[in-house]
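Here is the naming used below: chain letters follow the sequence lines, and residue numbers restart at 1 for every chain. Note that these values count all heavy atoms, side chains included, but never hydrogens, waters or copies made by symmetry.
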Amino acid sequence: MNSNVKVRFAPSPTGYLHIGGARTALFNWLFARHNKGVFLLRIEDTDQQRSTEDATQAILDSMKWLGLDWDEGPYFQSQRLPTYKQHAERLVAEGKAFYDTDAEGRKAIRFQMQDGVTEINDLIHGIITFDTSLIEDFVILKADGFPTYNFACVVDDAGMGISHVIRGDDHISNTPKQIALYKAFGFAVPEFAHIPMILGEDGSRLSKRHGATSVTEYRDKGYLPHALVNFLALLGWSPGNDQEFISIQEMIEKFTLKRANKTSAQFNNTKLDWMNGQYVKNTPVERLTPDVKKFFEKSGIDLTKISEEWLFDLVSLHHERFKTFQDLLNQTRFFFADAIEYDQGAVDKFLRKEGVGELLKEVYTAVSLVNTFGKKTLEDCLRTLTEKLGVGFSKLAQPIRVAITGKSVSAGIFETMELMGREKTLKRLDYAVKNLCETSESVKF
RNA sequence: GCCCCCAUCGUCUAGUGGCCCAGGAUGCCAGGUUCUCAGCCUGGAGACAGGGGUUCAAAUCCCCUUGGGGGUACCA
């Protein structure tokens, strides 16, 4: 810490950490690390109705998962009530605030706005001016003794020595109120940097109806934290060239507010998926496998009889084919199930065709005679069979694929058979021959 | 309503007066590789919101309109 930079991320625990908040946290963190400053975390739990401990925990977990470590805190505003009260009373004593009772009989303290013009020199928007006569006297201390957002924010930012306030631009219109408070107290006004918001895929404000919006949801769907961080960093910031993949270290080195956008960005899941897939591809299988294991177990897959080696091979085989762990699970479920689900369209197209039953019987016989059940021997065996039968290889591959995986899409057929093992492979071929290949018509007529 | 912010391909963006009849990525389309799909490779379509200025010259500067977003709470 050799600079005067001190920033904070100050979420309110009224819900999970959503990606907009995560991006704000990331920018603050990057700014602090780049400037060798301090990054602190403050929980703004001044809304007694809506704040929950679960939400606080989820926010902390999300920050950790993303790798956004903080140097101070977390501070909780709910534990600093006396400080706010004292500050509010000071303003009353100085004639800058006053007690006010509303129609419901609630007694609060309001700050008295002065008419005038307030100018803020925002680090990313430039100069913004406000006519403060348009701002009404606002409540700073609520009837329940809790401070309001604008008040607690100023008391804390000033008290904690925050040098730069980096937050979403939905706070721009709060800024003149806060500046009025800084001035009333005689506090030094920090620098402000209002970063654009992240919008949903339809361009409207991000909300639950946009599907996954919280960091924990992405974690639970099997995304890699670095991929999410990389993706988020590029939403509203760019290193200035065409670089898409940036390591955390590089982000820290290159991050400046000067390169942050003013324009709000729409969250695009498709591109996130692509990016996650790229990160998966570029992560060694040995590093991926433990996480895959955890993910599969959490998803209810019984791995007690599965060896580490086998799982490693499974990941290897699908390494370039899956974008998220959830994706991998969807693709490989048939390996684990006893009774697999068959895609009806695939069965109709590749199994319920004349001659396929006989074909698979030949496959069964040939495969059952293979010495070692490996991809090389299986390939030799089946290539030989196609020659003997005089058919193209795809005539064989697809029916086998559907028979053993239940789907018309999978990884390489030899590798899949090898991984599945002789017993299960033969069992499924046999099942298909007996139950899936004969058309219902031929049975009836 | 009033106040504030924003405006380059569908999306994320590069671009800070000439290097731009606008570059990259994603997505999409076509072809190649191939046992399917994915991946990978090659190619293609695709944008400066509109109108006024300023200037020899504007995606870049100014104004207006339009559109989007935010605020206007004893929410944060």
Discussion item. Side-chain N or O of A/Arg205 versus OP1/OP2 of B/G71: is the shortest distance under 4.0 Å?
Written reply: yes
Worksheet item: Distance check: side-chain N/O of A/Asn261 vs OP1/OP2 of B/U13, anything under 4.0 Å?
Response: yes
Worksheet item: Would you call the rings of A/Phe255 and A/Trp237 parallel, tilted or perpendicular, where under 30° means parallel and over 60° means perpendicular?
Response: tilted
Worksheet item: Quick one: is B/A14 close enough that its OP1 or OP2 comes under 4.0 Å of any side-chain N or O from A/Arg259?
Response: yes
Worksheet item: So what does A/Thr148 hit on the nucleic acid, given a heavy-atom distance under 4.0 Å: a base, only sugar-phosphate, or nothing?
Response: sugar-phosphate
Item to complete: Anything under 30° is parallel, anything over 60° is perpendicular, the rest tilted; go ahead and classify A/His87 against A/Phe185.
Response: perpendicular
Practice prompt. May I ask you to evaluate whether A/His171 reaches the phosphate of B/A76, defined as a side-chain N or O under 4.0 Å from OP1 or OP2?
Written response: no
Worksheet item: Is the shortest distance from a Lys or Arg side-chain nitrogen in A/Asp47 or A/Arg50 to a carboxylate oxygen in the other one below 4.0 Å?
Response: yes
Worksheet entry | Distance test, side-chain N/O of A/Thr46 to OP1/OP2 of B/A76, below 4.0 Å | yes
Discussion item. Mind checking if A/His194 touches a base, just sugar-phosphate, or nothing, with heavy atoms under 4.0 Å?
Written reply: nothing
Discussion item. Regarding B/A38, can its base be found pairing with the side chain of A/Lys323 as donor and acceptor, where the two atoms are less than 3.5 Å apart?
Written reply: no
Practice prompt. In plain terms, say whether A/Lys376 and A/Glu415 are close enough for a salt bridge, that is, a side-chain N and a carboxylate O under 4.0 Å apart.
Written response: no
Worksheet item: Is the A/Phe27 to A/Phe9 ring centre distance short of 6.0 Å?
Response: no
Discussion item. Quick check: any donor-acceptor pair below 3.5 Å linking the side-chain of A/Asp102 to the base of B/C74?
Written reply: yes
Using a cut-off of under 3.5 Å, enumerate the N/O to N/O pairs linking the protein to nucleotides 7-10 of chain B.
none

Practice prompt. Answer with yes or no whether A/Asp170 presents, from its side chain, a donor or acceptor under 3.5 Å of a partner atom in the base of B/A76.
Written response: no
Practice prompt. Compare the minimum distances between each of B/C12, B/G27, B/U36 and the side chain of A/Lys271, then state the nucleotide with the smallest one.
Written response: B/C12
Discussion item. With a cut-off of less than 4.0 Å, is there a side-chain N or O of A/Gln278 near OP1 or OP2 of B/C40?
Written reply: yes
Discussion item. Over all strands shown, is A/Phe138 touching base, sugar-phosphate only, or nothing at heavy-atom distances under 4.0 angstrom?
Written reply: nothing
Worksheet item: What about A/Asp242, does its side chain sit under 3.5 Å from the base of B/G23 through a donor-acceptor pair?
Response: yes
Practice prompt. Pick base, sugar-phosphate or nothing for A/Ala265, based on heavy-atom distances below 4.0 Å to the nucleic acid.
Written response: sugar-phosphate
Worksheet item: B/A76 phosphate, OP1 or OP2: any side-chain N/O from A/Arg50 under 4.0 angstrom?
Response: no
Worksheet item: Heavy-atom count around A/Gln344 CD within 6.0 Å, excluding the residue itself: above 12?
Response: yes
Discussion item. Looking at A/Lys221 and A/Glu217, is there a salt bridge between them, counting it only when a charged N and a carboxylate O are closer than 4.0 Å?
Written reply: no
Worksheet item: Which is true for A/Ser238 with a 4.0 Å heavy-atom rule: it touches a base, it touches only sugar-phosphate, or it touches nothing?
Response: sugar-phosphate
Worksheet item: Do A/Phe39 and A/Phe31 have ring centres separated by under 6.0 Å?
Response: no
Worksheet entry | Given RNA chain B, 5'-ward residue of the pair A/Ile128 and A/Glu415, judged by closest heavy atom | A/Ile128
Worksheet item: Contact class for A/Lys281 (heavy atom, under 4.0 Å): base, sugar-phosphate, or nothing?
Response: sugar-phosphate
Item to complete: Assign A/Ile413 to base, sugar-phosphate, or nothing according to its heavy-atom contacts below 4.0 angstrom with the strands shown.
Response: base
Discussion item. Using atom P in both nucleotides, what's the gap between B/U16 and B/A59 to the nearest angstrom?
Written reply: 13 Å
